[in-house]
Amino acid sequence: MTQYSPVPVVKSVEAVNYLLFTPTNQDPNTGIPLKGLVIYQHGITSAKENSYLFANNLALNGYAVIAIDAPIHGDRSLDDQRSANANVLAYMNLSVLPVARDNIRQSMLDLITLRLALGTNQLAQRFNGTAIAALPPLTTSAPSFIGHSLGGILGVPAVAQSSATLDPSVDVLFSFKNASFVNAGGQIANLLLGSQAFGPVVTHNVAQAGIAEYASYAADNCGTSGTENYELNCLNGFENLNPAVNYPALISATSQFSFAAQTVLDTADPINHAAVLNTTTTEAYMAQVFGDDTVPNNVNGPNDTPPTKYALSSPLAGTEPLAKALALTPVVASSGLGPQIKPFVKFNSNGEHSTYVIPQGPNDIAHHSEMQAQVVTFVEANAAIVQNTSVLE
């Protein structure tokens with residue numbers, strides 16, 4: 001891209017594998033008629049294959065589900081080591097921030113291109129003889145989007161820009177009916193620093209590059225990288241040597257990093273695309289789990305809980321600020337049963353970050369069932385039907 005040519009030059013075209021789930025019997029009299037299509041995007045360190053765990057819920061309600069891997073994930077990993085499934089930093093490249101930004105941009109463009117390819121192939125009658133031959137026209141029955149975790153972080157800007165009005169003759173090839181963002185959030189840099197799962201990893205790598213004393217301490221005292229809680233234990237050990245000096249040094253390093261990182265990532269950050277999504281006809285659903293240890297509800301600064309220990313207070317970071325930017329209505333137990341319009345559903349702490357995909361234990365089976373049911377009903381009619389308030393805050 002240049003000042004003379006705002007359209008990027010295509011450098012290569014990649015063949016991307018996909019998974020497609022459809023109702024097995026689409027006879028309108030005896031089976032499940034095919035009513036529409038859902039595009040699903042997985043979370044970071046995951047892959048398209050986790051859609052095997054829940055796509056049946058949508059297929060049983062008449063929806064086909066298609067899923068692709070995000071760049072550097074699953075089949076699109078460069079190799080066993082250069083893969084987000086092995087190392088989150090393969091995708092969120094902290095040493096070369098424009099690479100992290102462009103991985104996100106490419107992920108967004110892939111989703112937009114998938115949406116376009118589905119519509120144009122249907123118009124060209126290339127679905128004839130396939131399992132989605134009976135799919136209603138995507139020009140009049142726009143698909144839905146579901147994104148979990150990183151999938152939602154990518155999904156907000158992708159759906160917003162894809163659904164934004166450009167020209168009536170082409171808008172119908174890009175628009176989405178609705179979008180569900182589960183355990184997603186905004187302001188990526190501070191979200192990562194405020195994450196219990198990723199915050200120590202980011203802080204450790206930033207400190208190694210920016211604090212000579214920490215790099216020396218880590219080399220001599222922290223053992224083998226890759227062991228459980230390696231980064232967190234190393235940070236705690238360094239801090240405890242001299243808390244009055246070392247903790248401020250860590251905060252200073254992460255603050256400088258977050259400023260630089262967010263400056264680079266801002267154009268791809270969901271918090272900056274929420275206003276665009278609000279101008280479209282695409283309805284949005286969000287859900288969070290209280291105390292999510294991967295994508296924090298909020299990032300309230302060093303004086304808050306340990307997950308935000310190395311991140312300054314960031315009023316735009318996390319799930320709740322993104323839900324507010326999307327003008328969604330909080331839904332809690334006291335909201336009652338029944339349909340909820342423009343909902344931001346707040347599940348209680350018995351759920352976990354990946355509960356939507358599959359129950360993480362016996363305590364969150366009810367949470368998983370409720371999340372799945374809500375998203376299905378939202379896909380169906382732009383309203384999430386709450387059937388079990390006991391799993392909500």
Side-chain angles (χ1 to χ4, degrees), residues 1 6-8 36-41 101 104-120 137-148 150-188 191 262 265-288 295 315-331 339-345 374-375 377-384:
M1 294 174 62
V7 179
L37 177 72
V38 174
I39 295 174
Y40 169 71
Q41 184 66 74
R101 177 201 62 200
I104 297 172
R105 284 178 170 174
Q106 187 63 58
S107 303
M108 294 160 50
L109 289 170
D110 290 346
L111 292 170
I112 294 171
T113 303
L114 175 60
R115 166 63 179 102
L116 174 64
L118 288 163
T120 53
L138 294 173
T139 53
T140 54
S141 299
S144 298
F145 175 85
I146 300 173
H148 171 248
L150 174 68
I153 292 171
L154 304 173
V156 171
V159 172
Q161 298 303 327
S162 195
S163 297
T165 300
L166 180 64
D167 184 298
S169 62
V170 296
D171 289 345
V172 293
L173 294 173
F174 289 92
S175 62
F176 284 83
K177 173 186 176 182
N178 51 43
S180 300
F181 311 116
V182 182
N183 301 112
Q187 202 181 58
I188 298 169
L191 180 153
Q262 194 60 42
L265 298 173
D266 243 2
T267 56
D269 199 292
I271 201 75
N272 294 320
H273 292 261
V276 176
L277 186 55
N278 292 343
T279 66
T280 72
T281 59
T282 304
E283 296 293 334
Y285 164 99
M286 282 188 68
Q288 77 169 16
V295 176
L316 296 178
T319 306
E320 294 189 2
L322 180 59
K324 183 177 180 180
L326 289 171
L328 302 183
T329 302
V331 176
Q340 300 288 340
I341 308 298
K342 297 181 72 68
F344 170 43
V345 185
Q374 286 183 14
V375 171
T377 55
F378 188 78
V379 166
E380 178 78 28
N382 289 335

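Below, all heavy atoms of this structure are taken into account, side chains as well, without hydrogens, waters or symmetry copies. Quick caveat, the model's predicted, so the values are computed rather than measured.
Counting only distance, with no hydrogens or angles, the side chain of S141 and the backbone of L138 share no donor-acceptor pair below 3.5 Å. Under a 3.5 Å cut-off, the side chain of D269 and the backbone N or O of Q187 do form a donor-acceptor pair. In this structure, S162 contributes its side chain and F174 its backbone to a donor-acceptor pair below 3.5 Å.
Within the 4.5 Å cutoff, the side chain of Q340 has no heavy atoms near those of the V345 side chain. Using a 4.5 Å heavy-atom cutoff, the side chains of S175 and R115 are in contact. In this structure, I39 and I146 have side chains that are not in contact, with every pair of non-hydrogen atoms separated by 4.5 Å or more. Residues F344 and K324 fail the side-chain proximity criterion, which asks for heavy atoms closer than 4.5 Å. Side-chain atoms of L326 and N278, non-hydrogen and from C-beta on, do get closer than 4.5 Å to each other.
For the residue pair Q288 and E320, a side-chain donor N or O sits within less than 3.5 Å of a side-chain acceptor on the partner. In summary, the side chains of S163 and T282 do present a donor paired with an acceptor at a separation below 3.5 Å, with no hydrogens or angles considered.
By the 6.0 Å contact criterion, NZ on K342 is enclosed, its count of non-hydrogen atoms from other residues, nucleotides or ligands being greater than 12.
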Item checked: Stepwise side chain to side chain contact (heavy atoms under 4.5 Å, CB included) check, L277 with F181 -> CA-CA 13 Å; L277 186 55; F181 311 116; 4.0 Å; yes
Item checked: Derivation and outcome, side chain to side chain contact (heavy atoms under 4.5 Å, CB included), residues L191 and V295 -> CA-CA 7 Å; L191 180 153; V295 176; 3.7 Å; yes
Next item on the list: Please assess I188 against I104 for the test side chain to side chain contact (heavy atoms under 4.5 Å, CB included), listing each intermediate value before the final yes or no.
Entry: CA-CA 11 Å; I188 298 169; I104 297 172; 3.7 Å; yes
Margin query: Apply side chain to side chain contact (heavy atoms under 4.5 Å, CB included) to residues T165 and T280 and explain how you reach the verdict.
Written below: CA-CA 7 Å; T165 300; T280 72; over 6 Å; no
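Scanning all heavy atoms of the two residues, the minimum distance from G186 to L322 falls at N-CB, 4.0 Å. Nearest approach of N178 to S144, heavy atoms of both residues: OD1-OG, 2.7 Å. Among all heavy-atom pairs drawn from V331 and P343, the shortest one is CG2-CB, 3.9 Å. Of all the heavy atoms in I341 and A383, the pair that sits closest is CD1-CB, 3.5 Å.
The distance from the OG1 atom of T377 to the CG atom of N382 is 10.5 Å, given to the nearest 0.5 Å. A distance of 6.5 Å separates NE2 in H273 from OG1 in T267, rounded to the nearest 0.5 Å. The distance from atom OG1 of T113 to atom CE of M108, rounded to the nearest 0.5 Å, is 11.0 Å. Note: L173 CG to D167 CG = 10.5 Å, rounded to the nearest 0.5 Å. To the nearest 0.5 Å, atom OG1 of residue T139 and atom CG of residue D171 are 12.5 Å apart. Rounding to the nearest 0.5 angstrom, the gap separating the NZ atom in K177 from the CG atom in L37 is 11.5 Å.
F378 and Y285 have tilted rings, their planes meeting at an angle from 30° to 60° on a 0 to 90° scale.
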